Participant: 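Input: one structure, supplied below.
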Amino acid sequence: EPEVTQTPSHQVTQMGQEVILRCVPISNHLYFYWYRQILGQKVEFLVSFYNNEISEKSEIFDDQFSVERPDGSNFTLKIRSTKLEDSAMYFCASSVRTTGETQYFGPGTRLLVL
Amino acid sequence: GESVGLHLPTLSVQEGDNSIINCAYSNSASDYFIWYKQESGKGPQFIIDIRSNMDKRQGQRVTVLLNKTVKHLSLQIAATQPGDSAVYFCAENPPGTYKYIFGTGTRLKVLA
(Lines give C-alpha, C1' and ligand atoms only; values in the text may rest on other atoms or scores of the structure.)
Protein backbone atom coordinates (compact mmCIF):
# COMPACT_ATOMS: atom_id res chain seq x y z
CA GLU A 1 0.00 0.00 0.00
CA PRO A 2 1.49 3.37 -0.96
CA GLU A 3 2.43 5.61 1.92
CA VAL A 4 3.95 8.95 2.68
CA THR A 5 7.54 8.72 3.89
CA GLN A 6 9.57 11.28 5.81
CA THR A 7 13.24 11.74 6.62
CA PRO A 8 14.89 12.05 9.01
CA SER A 9 12.81 10.46 11.73
CA HIS A 10 14.62 12.56 14.33
CA GLN A 11 16.63 15.76 14.04
CA VAL A 12 18.47 17.64 16.73
CA THR A 13 19.74 21.11 15.92
CA GLN A 14 21.10 24.21 17.59
CA MET A 15 18.98 27.33 17.84
CA GLY A 16 19.57 29.57 14.84
CA GLN A 17 20.50 26.74 12.51
CA GLU A 18 18.64 25.89 9.34
CA VAL A 19 16.90 22.55 9.00
CA ILE A 20 15.30 20.85 6.04
CA LEU A 21 12.70 18.21 6.58
CA ARG A 22 11.99 15.88 3.71
CA CYS A 23 8.91 14.08 2.54
CA VAL A 24 8.02 11.79 -0.32
CA PRO A 25 4.25 12.03 -0.90
CA ILE A 26 2.19 9.24 -2.40
CA SER A 27 3.09 9.14 -6.07
CA ASN A 28 -0.23 10.02 -7.72
CA HIS A 29 -1.15 12.69 -5.20
CA LEU A 30 -1.17 16.31 -6.26
CA TYR A 31 -1.70 18.20 -3.00
CA PHE A 32 0.87 18.31 -0.25
CA TYR A 33 0.76 19.57 3.32
CA TRP A 34 2.83 20.16 6.40
CA TYR A 35 1.46 20.00 9.92
CA ARG A 36 3.16 20.12 13.26
CA GLN A 37 2.40 18.85 16.72
CA ILE A 38 4.10 20.47 19.68
CA LEU A 39 4.25 18.11 22.62
CA GLY A 40 1.04 18.37 24.60
CA GLN A 41 -0.80 20.27 21.89
CA LYS A 42 -3.01 19.58 18.93
CA VAL A 43 -1.88 18.81 15.42
CA GLU A 44 -1.73 22.19 13.66
CA PHE A 45 -1.86 23.02 9.97
CA LEU A 46 1.14 24.86 8.56
CA VAL A 47 0.85 24.97 4.79
CA SER A 48 -0.63 23.37 1.70
CA PHE A 49 1.06 23.20 -1.68
CA TYR A 50 -0.23 22.54 -5.16
CA ASN A 51 1.17 23.01 -8.63
CA ASN A 52 4.44 24.35 -7.28
CA GLU A 53 2.96 27.06 -5.18
CA ILE A 54 1.52 27.59 -1.73
CA SER A 55 -2.26 27.34 -1.80
CA GLU A 56 -2.87 28.12 1.86
CA LYS A 57 -0.80 28.82 4.94
CA SER A 58 -1.46 29.39 8.59
CA GLU A 59 -0.30 32.20 10.86
CA ILE A 60 2.42 29.89 12.13
CA PHE A 61 3.97 29.69 8.68
CA ASP A 62 5.95 32.91 8.79
CA ASP A 63 9.00 34.02 6.85
CA GLN A 64 11.19 31.53 8.67
CA PHE A 65 9.43 28.71 6.87
CA SER A 66 9.49 27.75 3.24
CA VAL A 67 8.41 24.76 1.19
CA GLU A 68 9.67 23.39 -2.04
CA ARG A 69 9.15 20.53 -4.44
CA PRO A 70 12.69 20.27 -5.79
CA ASP A 71 11.98 17.32 -8.04
CA GLY A 72 9.15 15.01 -9.02
CA SER A 73 9.07 13.10 -5.81
CA ASN A 74 10.30 15.14 -2.84
CA PHE A 75 8.53 17.83 -0.86
CA THR A 76 10.56 19.77 1.69
CA LEU A 77 9.99 22.08 4.62
CA LYS A 78 12.82 24.45 5.47
CA ILE A 79 13.12 26.36 8.71
CA ARG A 80 15.74 29.05 8.16
CA SER A 81 16.71 29.98 11.70
CA THR A 82 15.28 27.57 14.20
CA LYS A 83 13.92 28.70 17.54
CA LEU A 84 13.39 26.69 20.69
CA GLU A 85 9.64 26.83 20.12
CA ASP A 86 10.03 25.10 16.76
CA SER A 87 10.64 21.85 18.62
CA ALA A 88 7.78 19.62 17.56
CA MET A 89 6.75 16.65 15.51
CA TYR A 90 6.38 17.66 11.86
CA PHE A 91 4.03 15.67 9.68
CA CYS A 92 3.83 15.69 5.92
CA ALA A 93 0.57 14.70 4.24
CA SER A 94 -0.70 14.34 0.70
CA SER A 95 -4.03 13.97 -1.05
CA VAL A 96 -5.18 13.15 -4.53
CA ARG A 97 -7.37 16.18 -4.88
CA THR A 98 -8.21 19.30 -3.03
CA THR A 99 -10.59 20.19 -0.20
CA GLY A 100 -12.87 17.52 1.10
CA GLU A 101 -10.47 14.72 0.31
CA THR A 102 -8.55 12.41 2.58
CA GLN A 103 -5.09 13.54 3.54
CA TYR A 104 -2.66 10.71 4.20
CA PHE A 105 0.02 11.37 6.75
CA GLY A 106 3.62 10.33 7.01
CA PRO A 107 5.26 9.03 10.21
CA GLY A 108 6.66 12.43 11.13
CA THR A 109 10.02 14.00 11.92
CA ARG A 110 10.72 14.81 15.54
CA LEU A 111 12.65 18.09 15.64
CA LEU A 112 14.43 19.14 18.78
CA VAL A 113 15.95 22.61 18.92
CA LEU A 114 18.53 23.14 21.66
CA GLY B 1 5.75 8.44 20.26
CA GLU B 2 4.00 11.77 19.82
CA SER B 3 1.34 10.89 22.38
CA VAL B 4 3.81 10.68 25.24
CA GLY B 5 3.27 13.50 27.67
CA LEU B 6 -0.10 14.52 26.30
CA HIS B 7 -2.74 14.97 29.00
CA LEU B 8 -5.48 13.40 26.94
CA PRO B 9 -8.86 12.14 27.97
CA THR B 10 -8.53 8.39 28.29
CA LEU B 11 -11.08 5.73 27.55
CA SER B 12 -10.40 2.28 28.98
CA VAL B 13 -12.42 -0.62 27.65
CA GLN B 14 -12.32 -4.36 28.04
CA GLU B 15 -11.22 -6.38 25.08
CA GLY B 16 -14.27 -7.41 23.11
CA ASP B 17 -16.43 -4.52 24.29
CA ASN B 18 -17.54 -1.68 22.05
CA SER B 19 -15.82 1.71 22.30
CA ILE B 20 -17.31 5.12 21.67
CA ILE B 21 -15.01 8.08 21.24
CA ASN B 22 -16.50 11.55 21.02
CA CYS B 23 -15.38 14.78 19.45
CA ALA B 24 -16.77 18.29 19.30
CA TYR B 25 -15.84 20.22 16.17
CA SER B 26 -15.58 23.95 15.86
CA ASN B 27 -16.88 25.16 12.52
CA SER B 28 -20.57 24.66 11.74
CA ALA B 29 -19.81 25.06 8.04
CA SER B 30 -17.26 22.22 7.93
CA ASP B 31 -18.35 19.69 5.36
CA TYR B 32 -15.85 16.88 5.65
CA PHE B 33 -14.73 14.99 8.74
CA ILE B 34 -12.16 12.31 9.39
CA TRP B 35 -11.10 10.08 12.22
CA TYR B 36 -7.43 9.27 12.56
CA LYS B 37 -5.65 6.75 14.75
CA GLN B 38 -2.16 7.54 16.00
CA GLU B 39 -0.02 4.82 17.48
CA SER B 40 3.11 5.59 19.41
CA GLY B 41 5.87 6.84 17.14
CA LYS B 42 3.71 6.91 14.03
CA GLY B 43 1.79 9.48 12.05
CA PRO B 44 -2.00 9.81 11.98
CA GLN B 45 -3.56 6.85 10.18
CA PHE B 46 -6.86 7.27 8.33
CA ILE B 47 -9.73 5.27 9.80
CA ILE B 48 -12.98 6.58 8.34
CA ASP B 49 -14.47 9.75 6.95
CA ILE B 50 -17.90 11.27 6.55
CA ARG B 51 -19.35 14.17 4.63
CA SER B 52 -21.83 16.65 6.01
CA ASN B 53 -24.67 15.34 3.87
CA MET B 54 -24.59 12.10 5.87
CA ASP B 55 -25.18 11.38 9.54
CA LYS B 56 -23.76 7.88 9.70
CA ARG B 57 -21.14 5.86 7.88
CA GLN B 58 -19.93 2.37 8.55
CA GLY B 59 -16.64 0.69 7.87
CA GLN B 60 -15.08 -2.51 9.00
CA ARG B 61 -15.74 -2.61 12.78
CA VAL B 62 -16.01 1.17 12.86
CA THR B 63 -18.94 3.56 12.57
CA VAL B 64 -18.85 7.33 12.49
CA LEU B 65 -21.86 9.38 13.54
CA LEU B 66 -22.27 13.05 12.73
CA ASN B 67 -24.64 15.37 14.56
CA LYS B 68 -24.47 18.73 12.86
CA THR B 69 -27.02 20.28 15.20
CA VAL B 70 -24.61 20.12 18.12
CA LYS B 71 -21.37 19.90 16.10
CA HIS B 72 -20.58 16.48 17.41
CA LEU B 73 -18.79 13.54 15.91
CA SER B 74 -18.38 10.08 17.36
CA LEU B 75 -16.39 6.99 16.48
CA GLN B 76 -17.72 3.62 17.46
CA ILE B 77 -15.38 0.63 17.44
CA ALA B 78 -17.03 -2.76 17.67
CA ALA B 79 -15.40 -5.66 19.50
CA THR B 80 -12.40 -3.61 20.57
CA GLN B 81 -9.08 -5.41 20.23
CA PRO B 82 -5.67 -4.79 21.84
CA GLY B 83 -4.43 -3.47 18.50
CA ASP B 84 -6.97 -0.67 18.75
CA SER B 85 -5.03 0.90 21.61
CA ALA B 86 -3.91 4.30 20.34
CA VAL B 87 -4.78 7.99 20.37
CA TYR B 88 -7.78 8.87 18.20
CA PHE B 89 -8.21 12.29 16.63
CA CYS B 90 -11.11 13.77 14.78
CA ALA B 91 -10.41 16.37 12.12
CA GLU B 92 -12.69 18.76 10.25
CA ASN B 93 -12.18 20.39 6.88
CA PRO B 94 -13.94 23.76 6.61
CA PRO B 95 -15.31 24.50 3.14
CA GLY B 96 -13.05 26.26 0.72
CA THR B 97 -9.89 25.53 2.74
CA TYR B 98 -7.15 22.95 2.41
CA LYS B 99 -6.43 22.60 6.08
CA TYR B 100 -7.70 20.11 8.57
CA ILE B 101 -8.53 21.32 12.06
CA PHE B 102 -7.72 18.61 14.57
CA GLY B 103 -9.36 17.88 17.89
CA THR B 104 -7.33 17.25 21.04
CA GLY B 105 -7.51 13.46 20.82
CA THR B 106 -8.63 10.63 23.07
CA ARG B 107 -6.40 7.84 24.28
CA LEU B 108 -8.02 4.43 23.99
CA LYS B 109 -6.69 1.71 26.27
CA VAL B 110 -7.85 -1.84 25.70
CA LEU B 111 -7.70 -4.02 28.77
CA ALA B 112 -7.10 -7.72 28.32
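Below, read A as the first sequence line, B as the second, and so on, with proteins coming before strands; counting in each chain starts at 1. In this text the structure is predicted, and so the values were computed from the model without any measurement.
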Participant: Test of understanding: clusters of I, L, V, M, F, W, Y form through side-chain heavy atoms closer than 4.5 Å, transitively. Do A:Val4 and A:Tyr90 belong to the same one?
Facilitator: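 No, it is not one cluster - the side chains of A:Val4 and A:Tyr90 are not joined through contacts under 4.5 Å.
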Participant: Would one find more than 12 heavy atoms of other residues, nucleotides or ligands at under 6.0 Å from atom NZ of B:Lys37?
Facilitator: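 More than 12 heavy atoms, drawn from other residues, nucleotides or ligands, come within 6.0 Å of this atom.
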Participant: Looking at every non-hydrogen atom in both residues, tell me the closest pair between B:Gly43 and A:Phe91 and how far apart they are.
Facilitator: CA-CE2, 3.5 Å
Participant: Hey, quick one: are A:Ile26 and B:Tyr98 part of the same hydrophobic cluster, counting side-chain heavy atoms closer than 4.5 Å, chains of contacts allowed?
Facilitator: yes
Participant: Chain A heavy atoms under 4.5 Å from B:Asp49: which part of the residue, side chain, backbone, both or neither?
Facilitator: side chain
Participant: Just how far is it from atom OH of B:Tyr36 to atom CD of A:Gln103, taken to the nearest 0.5 Å?
Facilitator: 5.5 Å
Participant: NZ of B:Lys68: more than 12 outside heavy atoms within 6.0 angstrom?
Facilitator: yes
Participant: At their closest point, which heavy atom of A:Gly106 faces which heavy atom of B:Pro44, and how far apart are they?
Facilitator: O-CD, 4.4 Å
Participant: If you count every heavy atom of other residues, nucleotides or ligands that lies below 6.0 Å from A:Asp63 atom CG, does the total exceed 12?
Facilitator: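 12 or below, so no.
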Participant: Does any backbone or side-chain atom of B:Tyr32 lie under 4.5 Å from a heavy atom of chain A? Answer side chain, backbone, both or neither.
Facilitator: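 Answer is side chain: those atoms of B:Tyr32 sit under 4.5 Å from chain A.
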Participant: Are A:Tyr31 and B:Ile34 grouped together when hydrophobic residues (ILVMFWY) are joined by side-chain heavy atoms under 4.5 angstrom apart?
Facilitator: yes
Participant: Considering only heavy atoms, which portion of A:Glu101 lies under 4.5 Å from any heavy atom of chain B: side chain, backbone, both, or neither?
Facilitator: both
Participant: Less than 4.5 Å to any heavy atom of chain A: does that hold for the side chain of B:Phe46, its backbone, both, or neither?
Facilitator: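 For B:Phe46, side-chain heavy atoms alone lie under 4.5 Å from chain A.
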Participant: What's the separation between atom CD1 in B:Ile48 and atom OG1 in A:Thr102, rounded to the nearest 0.5 Å?
Facilitator: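 B:Ile48 CD1 to A:Thr102 OG1: 10.5 Å, rounded to 0.5 Å.
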Participant: Can you confirm whether A:Met15 is buried at CE, in the sense that more than 12 heavy atoms of other residues, nucleotides or ligands lie under 6.0 Å from that atom?
Facilitator: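 12 or below, so no.
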Participant: Can you say whether the rings of B:Tyr100 and A:Tyr35 are parallel (under 30°), tilted (30 to 60°) or perpendicular (over 60°)?
Facilitator: tilted
